[in-house]
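To keep things clear, I will list the structure first and then write my remarks on it.
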Amino acid sequence: MEQFIIIILLLFLVVLAIGIIFLKDLLIAIILLSIYSLIAAAIFIVMDAVDVAFTEAAVGAGISTILLLGALRFIRKDAC
């Protein structure tokens with residue numbers, strides 16, 4: 001059962017990665033990247049690596065998303 005959950009989560013990761021690559025809207029790409037990090041954290045939880053999952057959720061989904069949104073704000077301000 002654990003292998004099945006990991007395979008499903010990995011398929012979600014592949015779909016999200018393909019979506020991130022082909023998107024034109026940067027805001028949606030940042031949101032999908034945050035979801036990608038949360039799913040990666042879920043995979044780490046299933047594999048009993050809770051400390052790594054916590055770090056992935058904090059850095060990957062938290063800090064990186066905030067930094068990318070801040071950078072996007074500067075890009076959009078200059079483009080207008």
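Just so it is clear, the model here is predicted, and its values are computed rather than measured.
By the criterion of side-chain heavy atoms lying less than 4.5 angstrom apart, applied directly or through intervening Ile, Leu, Val, Met, Phe, Trp or Tyr residues, Leu32 is grouped together with Phe12 in one hydrophobic cluster. A single hydrophobic cluster is not seen to contain both Val59 and Leu67; linkage of ILVMFWY side chains at heavy-atom distances under 4.5 Å, directly or through other members, places them apart. Under a hydrophobic-cluster definition in which Ile, Leu, Val, Met, Phe, Trp and Tyr are linked whenever side-chain heavy atoms come within less than 4.5 Å, directly or via other members, Val52 and Leu10 are assigned to the same cluster.
From Leu9, atom CG reaches atom CE of Met47 across 10.0 Å, with rounding to the nearest 0.5 Å. Considering OG of Ser37 and CD1 of Ile63, their distance stands at 11.5 Å, rounded to 0.5 Å. With values rounded to the nearest 0.5 angstrom, Ile43 atom CD1 is found 11.0 Å from Ile7 atom CD1. The line from CD1 of Ile39 to CD of Glu56 is 11.5 Å long, rounded to the nearest 0.5 Å.
No option in Ile20, Leu68, Ile66, Ile35 other than Leu68 meets the side-chain contact (heavy atoms from CB on, under 4.5 Å) test with Ile30.
Alongside Leu38, the hydrophobic cluster contains no other residue (criterion: ILVMFWY side chains under 4.5 Å).
The shortest side-chain heavy-atom distance between Phe44 and Val50 does not fall under the 4.5 Å cut-off. Side-chain atoms of Val14 and Ile18, non-hydrogen and from C-beta on, do get closer than 4.5 Å to each other. Counting heavy atoms from C-beta on, the side chains of Thr65 and Ile31 never come closer than 4.5 Å. Looking at heavy atoms from C-beta onward, Leu16 lies out of side-chain contact with Leu33 at the 4.5 angstrom threshold.
Closest non-hydrogen pair, Ser34 versus Ala61, comes out as OG-O, 3.7 Å. Minimum interatomic distance between Ala53 and Ala41 (heavy atoms only, all atoms of both residues): CB-O, 3.3 Å.
Listed by chain and residue number, Arg76 satisfy the salt bridge (charged side-chain N to carboxylate O under 4.0 Å, His left out) test with Asp25 (two or more places apart in sequence, or in another chain). Under the rule for a side chain to side chain contact (heavy atoms under 4.5 Å, CB included), Phe54 has no partner lying at least two apart in sequence or in another chain.
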